[in-house]
Every structure is written in structure tokens, then in C-alpha cells.
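Everything below concerns the one structure shown next.
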There are 2 protein chains.
Amino acid sequence: MNTKPASVRSKLDFYRLARDEGVHLENCPVREVIANIGGKWNSLLMLALAEQPYRFGALRRLVPDISQRMLTQTLRDLQRDGYVHRAVFPTKPPSVEYSLTELGRSMFDPLQALVKWAEQHHDAVRAARARFDRDES
Amino acid sequence: MNTKPASVRSKLDFYRLARDEGVHLENCPVREVIANIGGKWNSLLMLALAEQPYRFGALRRLVPDISQRMLTQTLRDLQRDGYVHRAVFPTKPPSVEYSLTELGRSMFDPLQALVKWAEQHHDAVRAARARFDRDES
DNA sequence: CGGTATCCTCGAGGATACTG
DNA sequence: CAGTATCCTCGAGGATACCG
């Protein structure tokens with residue numbers, strides 16, 4: 001049965017386990033989360049909603065280069081995974097407010113750490129990139 | 001000129017500044033980094049190489065469901081951004097060892113935080129997902 | 001062993017128009 | 001205001017074959 005020892009050794013095992021047991025490692029827990037910050041707009045919207053709750057239109061203005069379609073869809077994805085709460089107020093015309101849930105806030109912490117790293121090291125990355133591009137020319 | 005105050009207020013400003021000044025926010029520092037963990041294999045390979053250095057073939061065996069093409073390409077992307085070092089040993093046949101650079105290790109720290117979060121909360125995410133799918137049916 | 005080169009698929013994401 | 005609905009593009013990523 002190719003059985004694994006009960007103790008999970010390395011971080012990689014989370015991927016490996018998923019591969020061994022799942023259809024196509026679609027149910028790998030790490031991938032599930034990483035996929036949701038990897039999208040083009042997911043992390044950006046998390047960043048925005050971590051600031052404060054926003055209404056749909058406000059988010060559009062905050063991020064003018066997102067298409068309406070992707071805004072709707074990304075918000076629904078985030079809501080589906082429990083990161084975002086969607087509150088509908090029956091005003092006329094209706095207004096909808098999006099906010100982070102507790103789960104969303106807790107996942108925002110490590111996400112923010114990554115963002116801070118990016119802010120602090122993006123020049124090093126750009127330098128490395130320039131060096132690489134020059135050397136291989 | 002729609003000039004911004006010198007002080008950057010919120011995290012979102014890193015996106016906003018990129019949008020205002022760049023062609024299409026391709027040069028946004030946050031996006032640069034996030035894009036490199038967002039790929040299908042990037043974070044997985046970072047995870048593997050954080051464990052220990054690996055040779056090309058060893059990485060293939062570690063992650064059997066990656067295509068050779070994507071392994072090569074993802075490694076080159078990571079190398080280009082300065083996360084990964086590629087050491088060629090002129091043995092016969094040649095062997096190539098990939099390892100994390102200092103920059104790579106420093107970016108692995110926040111990445112690992114995210115992975116840990118995923119390990120700890122993936123059941124909450126799955127529950128939220130199931131609830132959402134049931135309620136909207 | 002550690003890659004390139006080629007071809008192909010498929011889905012993320014954009015543009016535009018319409019709606020309760 | 002806050003979305004759907006439709007159509008379309010384009011590039012990430014897979015499969016296969018070849019190479020020094």
C-alpha cells in the first residue's frame with residue numbers, strides 16, 4: 001500500500017500526501033490557500049479590505065484597472081473560502097458591503113508579512129533580475 | 001498633475017503608485033513578488049529547496065507531476081529573481097544543483113508563515129467552502 | 001543528466017452590453 | 001448600485017520528441 005509513516009516529516013509532505021491520496025492534488029491544503037493569493041486580484045482585494053470594509057463601487061474606484069467581472073468573481077471566491085463577508089443592505093438602490101471575516105483577518109497576517117517583505121526587497125529582486133538578463137545576453 | 005503627498009499612507013498605495021506611474025502596474029513591487037509565489041510550481045519548489053539543495057532530477061522525482069518544461073522554466077524564473085542559485089558541476093554526465101540564495105531564504109520566511117497558516121486552517125477553509133456551496137444551491 | 005524545441009489545450013481574465 | 005451574460009484573447013502549462 002506504499003503506506004507513509006504516521007508522522008509527517010517535512011513541509012513537502014503536505015504536497016506529497018495530496019498527490020498520493022487525491023485525484024490530482026487539487027485537495028492539497030497548501031495549494032488551496034496559495035491558489036487564493038496567487039490570482040491576479042485576490043491579494044490586492046485582501047489588502048484593500050484589510051484596510052477597512054468597502055462597498056462594491058468603492059472597490060472598483062480603488063482598483064480601477066480591474067474589470068467588473070473579475071471584481072465580482074474574485075470577491076465571490078474570497079467569500080466562498082470564508083475570507084470575506086458580504087453584507088447586503090436593502091436600500092434603494094441596494095448597497096453591498098464587503099469586509100474581512102475573522103478567518104480572513106487571520107490569513108491576512110502572513111499575507112501582510114509577505115507584502116512587507118516585497119516592499120523591503122523589491123529593489124534586490126529587480127537588481128537580480130537585471131543582472132540575470134544582462135549575463136545571459 | 002494629480003500629485004501624491006510624499007508619504008505613502010497605506011499598503012494599497014504601493015499598488016496605486018504603480019498604477020499611476022507605470023504603464024500597466026507591471027512594475028509594482030508587490031505584484032512582482034506575489035506573482036512569483038502565485039505560479040503553479042513556484043512556492044512548491046521554494047518549499048523543496050528550503051529543505052535542502054536538490055539536483056534537477058531529484059526535483060523531478062520529488063514533484064513527479066511537474067512537466068520537465070515547467071521545472072526548467074520555474075527554476076529559471078526563481079533564479080532570475082535571485083531566489084535560487086544554479087551550480088553546474090562539470091562531471092560526466094553534467095550535474096546541476098539548485099539551492100536557495102540568501103535572498104531566497106529571507107523570502108522563504110514569510111512564505112513559510114503562509115504555508116503554516118494553510119496547514120492550520122485548511123479545514124476551516126474547506127468548511128466555509130462547503131457551506132457556501134450548499135447555501136447557494 | 002539536464003535540458004531545448006514544438007505544438008496544443010484550456011481557462012483566467014478583459015470588453016462590452018444588458019438588468020433588477 | 002451591484003451585479004449577469006456573452007464573446008473573445010492570450011498565455012500558462014502539458015505532451016512529446018530531440019540534444020550535448
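Throughout, a chain's letter reflects where its sequence line sits, starting with A, and its residues are numbered from 1.
Residue-level contact check: B:F89 touches neither bases nor backbone, having no heavy atom under 4.0 Å from any strand. When heavy atoms are screened at a 4.0 angstrom cut-off, A:R55 is found touching the sugar-phosphate backbone but no base atom.
At the phosphate of D:dG14, OP1 or OP2 sits under 4.0 Å from a side-chain N or O atom of B:K40. Between A:Y54 and D:dA2 there is no side-chain N or O to OP1 or OP2 distance below 4.0 Å. The phosphate of D:dA2 has neither OP1 nor OP2 within less than 4.0 Å of any side-chain N or O from A:R61.
In plain terms, the two heavy atoms of B:L47 and B:V115 that are nearest each other are CD1-CG2, 4.1 Å. Taking all atoms of both residues into account, the shortest heavy-atom contact from A:V84 to A:Y98 is CG1-CD2, 3.7 Å. Taking every heavy atom of both residues into account, B:L62 and B:P64 meet most closely at O-CD, 3.3 Å. A:V88 and A:R86 get closest at one heavy-atom pair: CG2-NH1, 3.5 Å. In terms of heavy-atom proximity, A:H122 sits nearest to B:E32 at O-OE1, 4.4 Å. Heavy-atom minimum distance, B:L103 versus B:G82: CB-O, 3.6 Å.
Residue A:R69 is the one, among A:P93 and A:R69, whose nearest nucleotide of DNA chain C lies closer to the 5' end (criterion: closest heavy atom). Comparing A:N42 and B:R86 along DNA chain C, the residue whose closest nucleotide (by nearest heavy atom) sits nearer the 5' end is B:R86.
Sorted by residue number, the list of members of residues 75-84 of chain B with any non-hydrogen atom under 4.0 Å from DNA chain D is empty.
Ionic pairing of A:E102 and A:R105 is present here: one or more N-O contacts between side-chain nitrogen and carboxylate oxygen are shorter than 4.0 angstrom.
Atom CD of B:Q73 is separated from atom P of D:dA12 by 7 Å (rounded to the nearest Å). C:dC1 atom P lies 14 Å from atom OH of B:Y98, rounded to whole Å. As a whole-Å value, the separation of B:K92 NZ from D:dC19 P is 24 Å. Rounded to whole Å, atom P of D:dT4 lies 10 Å from atom CD of A:Q68. The CG-C1' distance, from B:L71 to D:dT16, rounds to 17 Å in whole Å. A straight line from CZ of A:R60 to C1' of D:dG3 spans 10 Å, rounded to a whole angstrom. Nucleotide D:dG13 holds its C1' atom 9 Å from the CH2 atom of B:W41, rounded to whole Å. Look at CD1 on B:I66: it is 7 Å from P on D:dG14, rounded to the nearest Å.
Closest to the side chain of B:M70, out of C:dG13, D:dG13, C:dT4, is D:dG13. Closest contact between the side chain of A:F56 and the listed nucleotides C:dA5, D:dA2, C:dC1 involves D:dA2.
Listed for the A:D81 side chain is no donor-acceptor partner under 3.5 Å among the backbone atoms of B:V125. At least one donor-acceptor pair closer than 3.5 Å links the side chain of A:R31 to the backbone N or O of B:K40.
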Can you tabulate the close N/O pairs, meaning under 3.5 Å, that link protein atoms to atoms of nucleotides 8-10 of chain C?
none

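Across B:L78, B:V63, B:L59, B:L71, a single residue satisfies side-chain contact (heavy atoms from CB on, under 4.5 Å) together with B:W41, and that is B:V63.
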